[in-house]
Amino acid sequence: MNKPKRYLVTSALPYSNGPLHIGHLAGVYVPADIYVRYLRMIGEDVRFICGSDEHGAAITLRAKKEGITPREIIDKYHEMNKRNFERFGMSFDIYHRTSDPLHHQTSADFFTVLNNKGVFTEKESEQYYDEEYQQFLADRYITGTCPKCSSEGAYGDQCENCGSSLDPTDLINPMSTLSGSTPVLKKTKHWYLPMGDYQEWVGNWIEAQQSKEVWKKHVVGQCRSWLTQGLNDRSMTRDLDWGVAVPLPDAEGKVLYVWLDAPIGYISATKALLPDTWEQYWKDEDCKLLHFLGKDNIVFHCIIFPMILHAHGDFVLPTNVPACQFLNLKGYKMSTSRNLAVWLHEYLDDFPEQEDVLRYVLTVNMPEGRDTDFSWEDFKDRNNKELVGILGNFVNRVLVLIHKYFDGIVPAETADIDTTLIDDALTNLPKELDKWVQRYEFRKAVDVVMDVAGVGNKFLADTEPWKLIKTDKAQTAAILTAGLKIIAYLSVYLEPFLPFTTPKLKAFLNLTEEDITAIKSGTFEVAAGRKINKASLLFKKLDDKAIAPQIAKLEAAQKAYDDSQKAEAAAAAGKTYEPLKPEISYEDFAKLDIRTATILAAEKMKKTDKLLKITLDLGFEQRTVVSGIAQHHQAENIIGQKVLILANLAPRKLRGVESQGMILMAGDGKNNLFFVSAHDAENGEGVS
RNA sequence: GGCGAGGUAGCUCAGCUGGUUAGAGCGCAGGAUUCAUAAUCCUGAGGUCGCGAGUUCAAGCCUCGCCCUCGCUACCA
């Protein structure tokens, strides 16, 4: 592709399961909006697509818990997020939703095409089924005892206590979270995408794409990492009653995997926006397709979705995927479940008419290549020093002076002055801005524009019109006219970053559409006689009192989370006993060779949280055992400890160290582990 | 353990395919100025570029080893 004829820009579809926070904005929506606004400014044909992602098990699970319907949840958050995006000035051409019939049709058709092409592998497997509810259970709907750490309440896909990833059939005493009953295993069929078959293609494709237009380092790195680990079959359907129904006769009760259906949402949204011409954006090689998203979505958009589009055959593939990393709160990860975040709707309520301040701070701090931090102190400083001090102040000075000395009318009588610095700055501005925006480096881009306001301040300081007015009115006029010209350019080139501020700037100078065209072509001059309006302040100074409630709110959220963790731990300690395991014979018991031993040495294993490497004296020999007790016992405190060890357990390598046995431990149910010990027994003696 | 991204001034970060005295903003110190929301402008101090080897006439940038942070993945009584 040489110069694209048109652009299609997508930003990740927010999951309709909660409100938006500034992490979403900084990493996805603000960069996408800047990019799109810039393209529109330079006259490109661009469409900007977004919408709510409304399917998936998380929504049904939550609906069940709260005793409401999935529909109620998605309606609530769709409306909420759509409205707050609008309030924040997001310039989507459409904010669609995946519950729309058009989307169901589009994604079902898409699936049919793939299926007819024989892309999928059909596989039967045994999965848990809730007989009471008559439905198969997604991994998250099943809880049970973790086979590895024995903690209760592990999910079918993961134990949150020990972090193991699980298969639902691994769980001891599985239980359906829907009915509370024990699920049964039942055969079910699913359609899998054999990703391994496309591995070579996708690898070549990524290398080819990123040689044409530079992809971000971490994006390519993440992709290569996945490719070298090898790609497995991935199921594209689920047993669920919420989502896009699989359009096949033998697929009763099955829906498309939400990760398949969501990106097709980009296509549906484009259709909804442009019923007649949408194909120009999806099927014409002259269209440049770009996905903006957070790093958590990289793999899907760079590997799986392109694969699917490629397998389908009719669609263009993304030119670039400029994913951002995460915005943290002073080092803490933002968390919806912990309510630890700065929420967009709360910001908009708490800081009315200060949308641009948030946009600016998030841009300047954008996590373009690495995680970055947000803090309210920084927010305040950026507002006061950069928006108020440099930009707002410059504009205000010029406007105040032109009113004070010339009644707000650009004077005819003027003189020649040296404006080289300003002229150079204004000539370079569009070039520099273009350079950084095309590289998706928006922090640099906004700096380049803000620097022009700095040039203006310096110009005023150097020429001192407030002194000159006493001796040379014509030169003063020339200086202020030059200042106005800077404001005119700012009113255009700041638009992608500060869309609420730039209309005010245009209004101050009474700029017309023709003026704006002239500014873009670099031919604009501030003509004599132009009426300039009185200044009003663009930005408000913020003091500590303005941000104190916000800081307090975050601290309160952190504390509430800590408290709930403690309460949970206490509740867990409030006792449920594991059921007894099946009876065994004496012979089974006799197979266990348990010996007494003394710990001779112990050291924490590097790069592990829980592992200790322990050297034991068994009397007749010494052994090394790796034990996962580092969070309960300090290595230096257990030397000399008498312990019992299961001595005939098959050796196993953990982190490269062979563990020759297992030390017996007993817990108190509150996360403490104690050694089981035979105080005075001799090392090497057995237990009977 | 595997993979990925990082480790550059007190803080937040730039540094293109290796090339002269390593940059910016904030903070700090000093000065100028008063048109402006006590805003602005100028000057200065401050870095053995994570550590150690190597390649090179020349390394923040390349190679190897190690350490630390973050993420994915595995392992984890």
Side-chain angles (χ1 to χ4, degrees), chain A residues 146-151 159 162-165 214 216-229 295-296 298-299 325-326 328 331 333 364-365 368-373 375 377-378 381-405 439 441 443-444 447 450-451 453-469 476 479-480 483 535-543 605-612 625-632 646 649 652-657 659 662-667 673:
Chain A
C146 175
K148 310 205 170 158
C149 72
S150 303
S151 77
C159 169
C162 69
S164 310
S165 61
V214 178
K216 292 191 185 188
K217 249 182 163 174
H218 67 273
V219 175
V220 180
Q222 209 33 274
C223 294
R224 286 186 185 147
S225 171
W226 267 69
L227 291 170
T228 47
Q229 283 178 34
K295 66 175 165 186
D296 49 335
I298 288 173
V299 170
Q325 310 235 13
F326 290 147
N328 297 321
K333 218 174 157 164
V364 165
N365 250 329
E368 284 170 340
R370 64 163 75 171
D371 290 0
T372 58
D373 284 334
S375 75
E377 288 82 359
D378 181 62
D381 281 349
R382 300 270 187 195
N383 177 74
N384 292 351
K385 300 210 157 71
E386 297 172 25
L387 292 177
V388 174
I390 295 177
L391 176 59
N393 188 225
F394 168 66
V395 171
N396 193 44
R397 299 169 83 182
V398 173
L399 296 186
V400 165
L401 289 174
I402 196 95
H403 273 274
K404 213 172 214 174
Y405 303 149
R439 293 185 195 176
E441 293 192 33
R443 307 161 62 122
K444 281 271 181 57
D447 274 353
M450 287 294 286
D451 282 350
V455 170
N457 276 322
K458 179 172 165 48
F459 180 70
L460 291 183
D462 290 348
T463 56
E464 300 183 306
W466 49 91
K467 281 186 181 166
L468 208 56
I469 185 66
T476 309
I479 290 161
L480 295 183
S536 60
L537 296 181
L538 294 171
F539 303 100
K540 273 196 305 197
K541 233 182 145 178
L542 296 171
D543 55 19
M605 285 178 69
K606 284 180 185 172
K607 291 190 178 183
T608 67
D609 295 333
K610 301 184 183 175
L611 298 185
L612 289 184
V625 166
V626 176
S627 187
I629 57 170
Q631 292 183 332
H632 306 284
L646 179 59
L649 184 67
R652 189 168 181 185
K653 267 202 174 177
L654 298 175
R655 286 300 189 102
V657 176
S659 179
M662 200 170 93
I663 296 172
L664 302 189
M665 306 291 295
L673 281 179

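Order of the sequence lines fixes the chain letters, A, B, ..., with proteins taken first and strands second; residue numbering starts at 1 for each chain.
Comparing the P positions of rG25(B) and rC67(B) gives a spacing of 38 Å, expressed to the nearest Å. Going from the P atom of rG60(B) to that of rG19(B) covers 10 Å, rounded to whole Å. The C1' atoms of rU8(B) and rA74(B) are separated by 33 Å, rounded to the nearest whole Å. Comparing the C1' positions of rC49(B) and rA14(B) gives a spacing of 13 Å, expressed to the nearest Å. Between rU34(B) and rA39(B), the two C1' atoms lie 10 Å apart (nearest whole Å). When the P atom is compared between rG31(B) and rU69(B), the two are found 44 Å apart, to the nearest whole Å. Rounded to the nearest Å, the gap between the P atom of rG27(B) and that of rU63(B) is 39 Å. rG23(B) sits 14 Å from rG46(B) when the P atoms are compared, rounded to a whole Å.
Distance I298(A) CD1 to rU73(B) C1': 15 Å, rounded to the nearest Å. For the pair N396(A) CG and rU37(B) P, the computed distance is 6 Å after rounding to whole Å. Protein atom NZ of K467(A) is 5 Å distant from nucleotide atom P of rU34(B), rounded to whole Å. Look at CZ on F326(A): it is 17 Å from P on rA5(B), rounded to the nearest Å. Rounded to an integer number of Å, the gap from R443(A) CZ to rC13(B) P is 7 Å. Atom-to-atom, CG of N457(A) to P of rC35(B) comes out at 15 Å; the value is rounded to the nearest Å. As a whole-Å value, the separation of E464(A) CD from rU34(B) C1' is 10 Å. The CD atom of E377(A) sits 14 Å away from the P atom of rU12(B) (whole-angstrom rounding).
What you find for L460(A) and P465(A) is that their closest heavy atoms are O-CD, 3.6 Å. Nearest approach of G389(A) to N457(A), heavy atoms of both residues: O-ND2, 4.2 Å. For G392(A) against L538(A), the heavy-atom pair with the smallest separation is CA-CD1, 4.1 Å. T476(A) approaches Y405(A) most closely through the heavy-atom pair CG2-CD1, 4.0 Å. K540(A) and N383(A) make their closest contact through O-ND2, 2.8 Å (heavy atoms, listed as atom of the first residue, atom of the second, distance).
Using a 4.0 Å heavy-atom cutoff across all strands shown, I402(A) reaches no nucleic acid atom at all. Across all strands shown, V388(A) has heavy atoms under 4.0 Å from base atoms, whether or not it also approaches the sugar-phosphate. N393(A) comes within contact range of at least one nucleobase, with a heavy-atom separation under 4.0 Å. Contacts of F394(A) with the nucleic acid, taken as non-hydrogen atoms under 4.0 Å apart, are absent. Base contact: K541(A) has a heavy atom under 4.0 Å from a base atom.
A close approach under 4.0 Å does occur between a side-chain nitrogen or oxygen of K385(A) and OP1 or OP2 of rG27(B).
Candidate nucleotides rC35(B), rA5(B), rG15(B) were compared by shortest atom distance to the side chain of K444(A), and rG15(B) ranks first. When distances run from any side-chain atom of K295(A) to the nucleotides rG71(B), rU33(B), rG27(B), the shortest one goes to rG71(B). Of all nucleotides listed (rU33(B), rA5(B), rA36(B)), rA36(B) comes nearest to the side chain of V400(A). The side chain of K458(A) approaches rC41(B) more closely than any other nucleotide in the set rA36(B), rC41(B), rG27(B). Ranking rU12(B), rA14(B), rA36(B) by closeness to the N365(A) side chain, first place goes to rU12(B).
Looking only at distances, a side-chain donor or acceptor of E368(A) sits under 3.5 Å from a matching main-chain atom of R443(A).
With both pairing distances under 3.5 Å, rC64(B) is matched to rG52(B) as a Watson-Crick or G-U wobble pair. Nucleotide rC72(B) has rG2(B) as its partner under the Watson-Crick or G-U criteria, with both atom distances under 3.5 Å. The base-pairing partner of rU40(B), taking Watson-Crick or G-U wobble contacts with both distances under 3.5 Å, is rA32(B). Nucleotide rG23(B) forms a Watson-Crick or G-U wobble pair with rC13(B), both donor-acceptor distances falling under 3.5 Å.
Between T372(A) and I390(A), the residue whose closest nucleotide on RNA chain B is further toward the 5' end is T372(A). Mapped onto RNA chain B by nearest heavy atom, N384(A) and E441(A) fall at different nucleotides, with E441(A) at the one closer to the 5' end.
With salt bridges taken as basic N to acidic carboxylate O contacts below 4.0 Å, one links D378(A) and R382(A).
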